Novice: 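This structure is in structure tokens; I'll ask about it shortly.
Since we're looking at a predicted model, the values are computed, not measured. Proteins get letters first, then strands, A, B, ... in listed order; numbering begins at 1 in each.
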2 protein chains.
Amino acid sequence: MEALADYFKVFSEPNRLAVLDALRQGPLNVTAVVEHTGLSQALVSKHLKLLTIAGVVKRRPEGSLVFYEVIDRAVFKLLAQAEKQLLAARRQQLDALAAIL
Amino acid sequence: MEALADYFKVFSEPNRLAVLDALRQGPLNVTAVVEHTGLSQALVSKHLKLLTIAGVVKRRPEGSLVFYEVIDRAVFKLLAQAEKQLLAARRQQLDALAAIL
DNA sequence: TGATAGAATCACGCTGTCGTGATGTCGTTG
DNA sequence: CAACGACATCACGACAGCGTGATTCTATCA
């Protein structure tokens with residue numbers, strides 16, 4: 001339960017989701033992620049480290065570059081399902097509001 | 001993306017997950033949730049309010065009591081899938097460790 | 001209406017995490 | 001070996017969210 005909360009925490013940061021989204025189409029090195037997201041290099045490194053520790057992403061040094069890659073693409077399924085739930089929740093809130101007005 | 005991160009944030013708290021878990025078997029009033037979770041009344045109220053604002057839970061006053069109920073039980077599917085992903089990530093980490101040793 | 005129980009809210013201290021600028025480390029290339 | 005680029009880490013200020021104890025609000029019932 002504690003662990004599950006921590007796992008959700010991994011995806012509870014907009015910038016981290018942006019980093020993850022940059023890796024959607026395949027492996028990228030750090031600089032490429034920086035360019036894709038517009039975030040600072042230090043911040044991207046930090047988020048990538050977190051994602052690595054969480055076991056979501058895999059680190060692969062290649063020469064002087066370091067590539068990162070999503071280990072299990074099923075995480076995107078999780079993101080999609082969460083987004084679906086989010087939309088359903090939003091819709092329900094509007095319905096509840098309409099029922100009052 | 002920002003909204004999605006906020007949605008994940010809802011489930012990134014152990015106590016909030018505990019509250020949600022108490023509501024798994026059906027509607028409960030606040031005191032019942034307090035007893036199920038062992039949390040303080042103020043804290044339970046706070047979490048229930050958050051869950052309500054997030055559109056995950058529905059508030060229904062009944063006499064002097066206030067019952068809370070999960071709106072869309074599909075959230076439990078989301079929790080289950082997240083837990084599955086979590087386990088997969090943990091397994092992968094062990095494999096990576098074994099590959100080194 | 002006064003008393004009581006259930007629920008919500010307030011004020012506050014505290015901790016964790018985020019983002020940044022600077023610095024450190026590592027590998028390549030001249 | 002010196003210099004440079006890529007990446008990681010550090011130290012720090014800022015801020016948001018958690019949990020608590022006390023208080024307030026609301027509905028029921030004597």
Novice: Can you give me the closest heavy-atom contact between B/N15 and B/H47, atom names plus distance?
Specialist: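 So the minimum-distance heavy-atom pair works out to CB-NE2, 3.8 Å.
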
Novice: Return the value, rounded to whole Å, for the distance between atom NZ of A/K49 and atom P of C/dC18.
Specialist: 13 Å

Novice: For B/S45 versus B/V30, what's the shortest heavy-atom pair and its separation?
Specialist: OG-CG1, 4.2 Å

Novice: Rounded to whole angstrom units, what separation is found between the CG atom of A/L39 and the C1' atom of C/dT20?
Specialist: 12 Å

Novice: Any side-chain N or O of B/Y68 under 4.0 Å from OP1/OP2 of C/dA8?
Specialist: yes

Novice: Grab the CG-P distance between B/L48 and C/dA8 for me, whole Å please.
Specialist: 7 Å

Novice: Give one of base, sugar-phosphate or nothing for A/Q41, where a contact means two heavy atoms less than 4.0 Å apart.
Specialist: base

Novice: Atom CG of B/L28 to atom P of C/dA7: distance rounded to whole Å?
Specialist: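 Going from B/L28 (CG) to C/dA7 (P), I get 11 Å.
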
Novice: Show the nearest heavy-atom pair for residues A/L78 and B/Q85, with the distance to one decimal.
Specialist: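 In terms of heavy atoms, the two residues are closest at CD2-CG, 4.4 Å.
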
Novice: Can you give me the closest heavy-atom contact between B/G55 and A/Q93, atom names plus distance?
Specialist: N-NE2, 3.4 Å

Novice: Taking all non-hydrogen atoms of both residues into account, name the closest pair between A/F76 and A/R24 and its distance.
Specialist: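 Minimum heavy-atom separation between A/F76 and A/R24: CZ-CA, 3.6 Å.
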
Novice: Considering heavy-atom distances to DNA chain D, does B/D6 or A/A32 have its closest nucleotide positioned more toward the 5' end?
Specialist: A/A32

Novice: Round to the nearest Å and state the distance from B/N29 atom CG to C/dG6 atom C1'.
Specialist: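 Whole-Å distance recorded here is 8 Å.
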
Novice: Consider the side chain of B/K46, meaning its heavy atoms from C-beta on, and name the nucleotide among C/dG19, C/dA8, C/dA11 that approaches it most closely.
Specialist: C/dA11

Novice: It should be established whether B/R59 places a side-chain nitrogen or oxygen under 4.0 Å from OP1 or OP2 of nucleotide C/dA8.
Specialist: yes

Novice: Under a criterion of less than 4.0 angstrom to any heavy atom of chain B, what are the 5'-terminal and 3'-terminal contacting nucleotides of DNA chain D?
Specialist: D/dC18 to D/dT28

Novice: Could you state the CG-C1' distance from B/L43 to C/dA8, rounded to the nearest angstrom?
Specialist: 13 Å

Novice: Give the C-alpha distance, both sets of side-chain angles, the deciding distance and a yes or no for side-chain contact (heavy atoms from CB on, under 4.5 Å) between A/L28 and A/Y68.
Specialist: CA-CA 6 Å; A/L28 288 180; A/Y68 284 88; over 6 Å; no

Novice: Would you name the heavy atoms of B/A22 and B/T37 that are closest together and state the gap between them?
Specialist: CB-CG2, 4.2 Å

Novice: Students often get this wrong, so: under 4.0 angstrom with heavy atoms, is A/S45 touching a base, only sugar-phosphate, or nothing?
Specialist: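 Base contact - A/S45 has a heavy atom under 4.0 Å of at least one base atom.
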
Novice: Which is more 5' along DNA chain C, the nucleotide nearest A/A42 or the one nearest A/E62? Just name the residue.
Specialist: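 Between the two, 5'-proximity favours A/A42.
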
Novice: Return whichever of B/F67 or A/L50 has its heavy-atom-nearest nucleotide of DNA chain C closer to the 5' end.
Specialist: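 Result of the comparison: B/F67.
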
